[in-house]
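Labels below follow one simple rule: chain letters A, B, ... track the order of the sequence lines, proteins then strands, and each chain is numbered from 1. Small disclaimer: the values here were computed from a predicted structure and weren't measured.
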2 protein chains.
Amino acid sequence: MLNLVFILNIVDNMGVNSLQPNKQDTLSEHVFEQIKEDIITGAIPQGCKIVETDLAKSYHISRGPLREALHKLESIHLVDRRPHSGSRVVTLDIVMMRDVYQMREAMEGFATRLACVAMSQADIDNLYRLLEKHESSIERSEGQRYFQKEGDLDFHYYVFSKCQNQWLIDYLNNKLYQVLRMCRHRTSQIPFRVEPALHDHYAIVDAINNRDPELAEILMRRHISGAWKVVEKLLNQEENKESK
Amino acid sequence: MLNLVFILNIVDNMGVNSLQPNKQDTLSEHVFEQIKEDIITGAIPQGCKIVETDLAKSYHISRGPLREALHKLESIHLVDRRPHSGSRVVTLDIVMMRDVYQMREAMEGFATRLACVAMSQADIDNLYRLLEKHESSIERSEGQRYFQKEGDLDFHYYVFSKCQNQWLIDYLNNKLYQVLRMCRHRTSQIPFRVEPALHDHYAIVDAINNRDPELAEILMRRHISGAWKVVEKLLNQEENKESK
DNA sequence: TAAGAATTTATTGTCAACAATAATAAAATA
DNA sequence: TATTTTATTATTGTTGACAATAAATTCTTA
């Protein structure tokens with residue numbers, strides 16, 4: 001399954017993963033990426049205390065670069081750091097996830113507005129083709145959630161990457177979407193229906209195609225706040241189950 | 001003049017400066033704050049190449065903490081960093097400033113919407129009092145631009161600090177507003193009229209007072225995009241002058 | 001025995017030396 | 001003379017040791 005996604009991303013060269021810079025020139029960068037993935041996938045569990053010397057040993061580097069990596073992880077909200085006291089991996093409570101989804105609603109909505117003005121017709125055609133591909137892959141592989149979520153990310157990424165505001169792109173790509181992936185790992189066991197999402201996506205692209213920035217923004221906002229309502233519900237159910 | 005602002009901020013405990021964390025427990029934090037101010041005020045000029053050993057010497061620390069400070073400065077977009085090649089102070093060209101103002105429009109607009117729902121009546125009363133104070137201080141000290149700009153920041157800060165989204169507050173306060181202060185230092189010699197801004201502010205607070213989040217957001221957005229149009233004009237004039 | 005103070009241990013913050021890379025200058029060739 | 005190649009220098013990346021602080025433990029006393 002993972003392979004299929006990988007190949008697809010390479011083929012059409014517009015997948016999320018292929019477009020991340022992933023510059024690992026220095027040791028610190030490399031280990032940053034590694035720890036980031038380990039946190040997002042849960043290999044290093046949430047709330048886990050981080051001891052610099054231990055972690056440095058397990059990644060086979062010295063404390064200097066590790067420290068730089070931790071600083072970077074702090075700047076994208078994946079670890080908390082208190083002077084003299086040490087670092088912990090963040091715990092994604094419901095409040096934090098709400099904050100993230102709200103941010104996403106605001107920023108991606110605005111990015112969609114900007115992209116609607118800036119996109120070429122070729123870009124829009126690409127978007128339609130992307131959605132058609134998602135549609136057919138849903139028919140073919142009903143229930144294979146991982147792929148569908150990646151497809152969802154591909155769509156969102158393609159849209160906001162055309163907004164021509166580097167700050168916006170950077171923040172969405174390097175900060176919000178990392179935490180979002182972490183959220184998804186937490187809720188990945190829970191099935192959800194993708195057809196409504198695809199329907200939303202078509203509506204958004206239609207608005208872009210009609211060059212209606214206000215509508216495009218509103219639709220993207222609703223799409224995201226709708227997604228949050230689903231996630232919130234699931235989290236609340238989970239919480240209730242645990243407290244019993 | 002500076003003193004007056006300072007006293008005012010302490011007295012009512014709602015100024016921008018008093019609410020920034022400013023934790024300088026470690027050497028690295030301390031020097032981070034120092035360099036940050038030096039960049040924002042222009043003591044270290046834009047586009048300036050940064051040599052770690054030199055800078056470490058001039059701040060009387062070793063390269064370790066300096067490096068951490070530089071990383072932090074990079075994460076708030078105040079320096080650019082390329083592996084093995086070194087760092088430079090950013091140069092605020094018109095594109096970057098447009099990006100920042102766009103971000104601000106999106107995020108502060110959304111923050112205003114959230115704050116409109118979350119604010120207590122006491123908060124709103126405080127806002128009205130703050131505006132009245134600004135109004136009278138404009139009458140008293142016409143033309144003293146520094147104070148007026150600080151007053152403007154106080155207003156904006158007070159609003160978005162009530163949005164109850166820690167990510168949003170953090171981003172606006174620690175990233176966007178730092179670059180914004182840098183912009184203002186660049187354009188500080190240029191006079192501008194504050195009465196229209198005050199009028200906008202009243203309209204925004206009225207919308208909040210009527211508990212109309214949509215309108216509050218729209219008004220805040222217009223207020224900020226209007227401010228950008230003024231700044232953009234000034235920058236273009238400046239550019240034309242230089243190219244002659 | 002329980003609470004508080006003093007001591008020890010563990011962990012982070014800082015430093016200065018070393019290695020690796022990129023920018024610069026010098027030399028060689030066309 | 002212009003251009004490529006080579007050597008030099010300057011600057012960053014990395015490391016391990018040391019100092020300062022916080023957490024844990026032991027000891028004392030009520």
Side-chain angles (χ1 to χ4, degrees), chain A residues 20-39 43-91 174, chain B residues 20-39 43-91 174:
Chain A
Q20 283 175 1
N22 219 16
K23 51 170 181 180
Q24 304 191 2
D25 203 351
T26 114
L27 202 46
S28 149
E29 303 266 357
H30 178 71
V31 107
F32 163 74
E33 294 290 338
Q34 225 173 320
I35 300 178
K36 195 183 78 183
E37 289 306 312
D38 286 345
I39 289 177
I44 305 176
Q46 294 185 21
C48 177
K49 177 107 205 301
I50 289 177
V51 177
E52 291 180 4
T53 57
D54 297 356
L55 209 65
K57 239 177 253 169
S58 74
Y59 286 95
H60 306 288
I61 55 167
S62 96
R63 271 182 60 218
L66 181 90
R67 234 144 177 293
E68 296 191 354
L70 287 180
H71 272 278
K72 273 197 177 164
L73 289 166
E74 185 191 22
S75 81
I76 62 172
H77 291 90
L78 251 46
V79 310
D80 279 336
R81 222 150 179 292
R82 269 189 332 196
H84 302 285
S85 161
S87 341
R88 323 187 77 89
V89 178
V90 295
T91 47
N174 295 329
Chain B
Q20 282 175 2
N22 218 17
K23 50 170 179 180
Q24 303 191 3
D25 205 351
T26 114
L27 202 45
S28 150
E29 303 267 357
H30 178 71
V31 107
F32 163 73
E33 294 290 337
Q34 224 174 320
I35 300 178
K36 196 183 75 182
E37 289 306 312
D38 287 345
I39 289 177
I44 305 176
Q46 294 185 21
C48 176
K49 177 107 206 301
I50 289 177
V51 177
E52 291 181 2
T53 55
D54 297 356
L55 209 64
K57 239 178 254 168
S58 74
Y59 286 95
H60 305 289
I61 54 166
S62 98
R63 272 182 59 219
L66 182 91
R67 234 144 178 291
E68 296 191 353
L70 286 180
H71 271 278
K72 273 198 177 164
L73 288 166
E74 185 190 22
S75 80
I76 63 171
H77 292 90
L78 252 46
V79 309
D80 279 336
R81 230 156 169 288
R82 268 188 333 195
H84 301 285
S85 163
S87 341
R88 322 187 78 88
V89 178
V90 296
T91 47
N174 295 329

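With sequence neighbours left out, A:Thr91 forms a side chain to side chain donor-acceptor pair (under 3.5 Å) with no residue at all.
Neither OP1 nor OP2 of C:dT14 sits under 4.0 Å from any side-chain N or O of B:Ser28.
The separation between A:His60 atom NE2 and D:dT15 atom C1' is 16 Å, rounded to whole Å. Atom CD in B:Glu68 sits roughly 7 Å away from atom P in C:dT14 (whole-Å rounding). Atom CZ of B:Arg63 and atom C1' of D:dT11 are 8 Å apart (whole Å). Distance A:His71 NE2 to C:dT12 P: 12 Å, rounded to the nearest Å. Note: CZ (B:Arg88) to P (C:dA23) measures 11 Å, nearest angstrom. Taking atom CD on B:Glu52 and atom P on C:dA16, their separation rounds to 15 Å, with Å as the unit.
Both B:Ile50 and A:Pro65 lie near DNA chain D, and the one whose nearest nucleotide falls closer to the 5' end is B:Ile50.
Counting non-hydrogen atoms under 4.0 angstrom, B:Gly86 reaches the backbone sugars and phosphates but no base.
Of all nucleotides listed (C:dT14, D:dT12, D:dT14), D:dT12 comes nearest to the side chain of B:Val51. Closest to the B:Ser62 side chain, of the nucleotides C:dT12, C:dC15, D:dT12, is C:dC15. The side chain of B:Ile61 approaches C:dC15 more closely than any other nucleotide in the set C:dT12, D:dT14, C:dC15.
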Give every donor-acceptor pair under 3.5 Å between a side-chain atom in residues 53-62 of chain A and any protein atom, sequence neighbours left out.
from    : atom 1 : to      : atom 2 : distance (Å)
A:Ser58 : OG     : A:Leu55 : O      : 3.0
A:Tyr59 : OH     : A:Asp38 : OD2    : 2.6
A:Ser62 : OG     : A:Gly64 : N      : 3.3

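A:Arg81 has a carboxylate O that lies under 4.0 Å from a charged side-chain N of A:Glu52, or vice versa, which qualifies the two as a salt bridge.
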Restricting both atoms to N or O, compile the protein contacts to nucleotides 19-22 of chain C shorter than 3.5 Å, with distance only.
none

